[in-house]
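Read through the structure below, which is laid out as structure tokens, and then see the notes.
Only heavy atoms go into these numbers, but all of them, side chains included; no hydrogens, no water, no symmetry mates. Remember, predicted model here, so these are calculated numbers, not experimental data.
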2 protein chains.
Amino acid sequence: MTTKSANARQTRQQLIDVGADLLCRRGYTGFSYQDLARELGISKPSVHHHFAQKADLGLALCDWTEQWLRDGFAHFDQHGHNAPDKLQRYLRAAAKHTFNEHKQCPLSALHSDLAQLPDAMRARLSDLSRLEVDWVAAVFRQGLADGELQAPATASAQELAQLFIFACKGALYYARLLGREHFEQSMSLLLQQWLPDAQPAQSRTTL
Amino acid sequence: MTTKSANARQTRQQLIDVGADLLCRRGYTGFSYQDLARELGISKPSVHHHFAQKADLGLALCDWTEQWLRDGFAHFDQHGHNAPDKLQRYLRAAAKHTFNEHKQCPLSALHSDLAQLPDAMRARLSDLSRLEVDWVAAVFRQGLADGELQAPATASAQELAQLFIFACKGALYYARLLGREHFEQSMSLLLQQWLPDAQPAQSRTTL
DNA sequence: GTCTATAGCTAGATAGAC
DNA sequence: GTCTATCTAGCTATAGAC
């Protein structure tokens, strides 16, 4: 790092930032070094200077994704009043990303291209998926302990977290075509059952 | 149709069959006319003779997918004893497809490549997604009416069906990396709550 | 660190012979 | 209906000058 000039670091960082945006919009196989070069106003070989192989950029994008996840989780932890509020903030952020900005989350984008990813990236994506599950599981653990969430005694926080994430990601995939309301209906229905003191006659929770 | 020879129909059908297999294994952008030609032992232009543009083959694969869905649903309807059994058969088929045959369902494969699909295919995929939701919704409607399934009165059969499908598809995406047991745990947990006469001390339903 | 030039490959697609 | 040959365009990647 200390051997690299400020310019190099800046260009490298710009490549990662633009690459992350393209990853979320078009997927890993959906953008090329040509796209990056055009976006930054440099040539293709200059991109190769910073990331010799596309897989090198891919791994850097995995690092970027890890930081993106950690930043998001820290934000939800800081601003969320309790476990249900944290989950709702997670869902609102996902909806904004998908329907307002027309992007996939980087994890879903990478999962979509799974068959074409080099092994190193697959291993990294596996770790990132676990990282996401772990944060949601911690929220469930806290919520169950505090009585803000309720669930069958046979269900672990990790199992609840996985169901929550899988439903969210699947709903985002389908709702891109079926419409935002299908995402919101499904996730409200799922969350509803985990909220204590459910009033049957009441209208459902809004995200 | 009557103007085409038996050979032409056969080759065309073989292209669709091989194309469907490749679609499920590598996605729509993940296979080429070269792959199809190699698989059938013919040349690339011969493939173009049957499907001038790749989008033409893509639409034929959407037709194939519709039939694949209808056949599957008919099978589950015929052999399933009741609503929960039909849903479990659906899940078992999905698990077999994913973990034994290492394929995605054609719908998930198409959703993965959504950004690169021509408009006509997107419209078709939208219809196919609704077709899938409609069948699962019908199963829920039947199950709720027969008392084989239970759910909050505020939840419609369609909403339940969508949550079921979205969770299933998301779980399949993640479980390819995290392991089959994560799919089975999540879907058992989801189904469990919709089964009446839940015995809290009992071990969970197996798929 | 960036460039021009180019390699080698693959993609989707077409012309025209048989 | 299938072929050989070819086109244009895109891709990842490299050589080597400045």
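For His50(A) and dT2(C), the shortest distance from a side-chain N or O to OP1 or OP2 is below 4.0 Å. Listed pair Ser43(A) / dT2(C) fails the phosphate criterion, with no side-chain N or O lying under 4.0 Å from OP1 or OP2. For dA13(C), one of the phosphate oxygens OP1 or OP2 lies less than 4.0 angstrom from a side-chain nitrogen or oxygen of Gln53(B). For the OP1/OP2 pair of dC3(C) and a distance below 4.0 Å, the side-chain nitrogens and oxygens of Ser46(A) include at least one atom meeting the criterion. Residue His49(A) places none of its side-chain N or O atoms closer than 4.0 Å to OP1 or OP2 of dT2(C).
Of all nucleotides listed (dT14(D), dT2(C), dC11(D)), dT14(D) comes nearest to the side chain of His48(A). Out of dA15(D), dT2(C), dT12(D), the shortest distance to the side chain of Pro45(A) is found at dA15(D).
The separation between Arg9(B) atom CZ and dG1(D) atom C1' is 14 Å, rounded to whole Å. Atom pair Gln116(A):CD and dA11(C):P shows a separation of 12 Å (rounding to whole Å applied). Note: NZ (Lys44(A)) to C1' (dT2(C)) measures 15 Å, nearest angstrom. Summarising the geometry, the separation between CZ on Phe51(B) and P on dG1(D) is reported as 12 Å, rounded to the nearest angstrom. When rounded to the nearest whole Å, the span between CG of Leu57(A) and C1' of dT12(D) equals 13 Å. Whole-Å rounding puts the Leu40(A) CG to dC3(C) C1' distance at 15 Å.
Every salt bridge (charged side-chain N to carboxylate O under 4.0 Å, His left out) that Lys103(B) has, sequence neighbours left out, goes to Asp21(B). Contacts of His79(B) classified as ring-ring contact (aromatic ring centres under 6.0 Å, His included), with partners at least two apart in sequence or in another chain: His75(B).
Aromatic pair His182(A)/Tyr174(A): centroids not less than 6.0 angstrom apart.
Under a cutoff of 6.0 Å and an axis angle of 45°, Lys54(A) and Tyr28(A) form a cation-pi pair.
Between Asp77(B) and Trp135(B) the shortest side-chain heavy-atom distance falls below 4.5 Å. You'll find the side chain of Val47(B) stays beyond 4.5 Å of the side chain of Lys44(B), heavy atoms only.
Screening Trp68(A), Phe183(A), Tyr90(A) for a ring pair (Phe, Tyr, Trp, His ring centres under 6.0 Å) with His97(A), the sole residue that qualifies is Trp68(A).
Annotation: proximity of residues 17-37 of chain B to DNA chain D (heavy atom, distance under 4.0 Å) is found for no residue.
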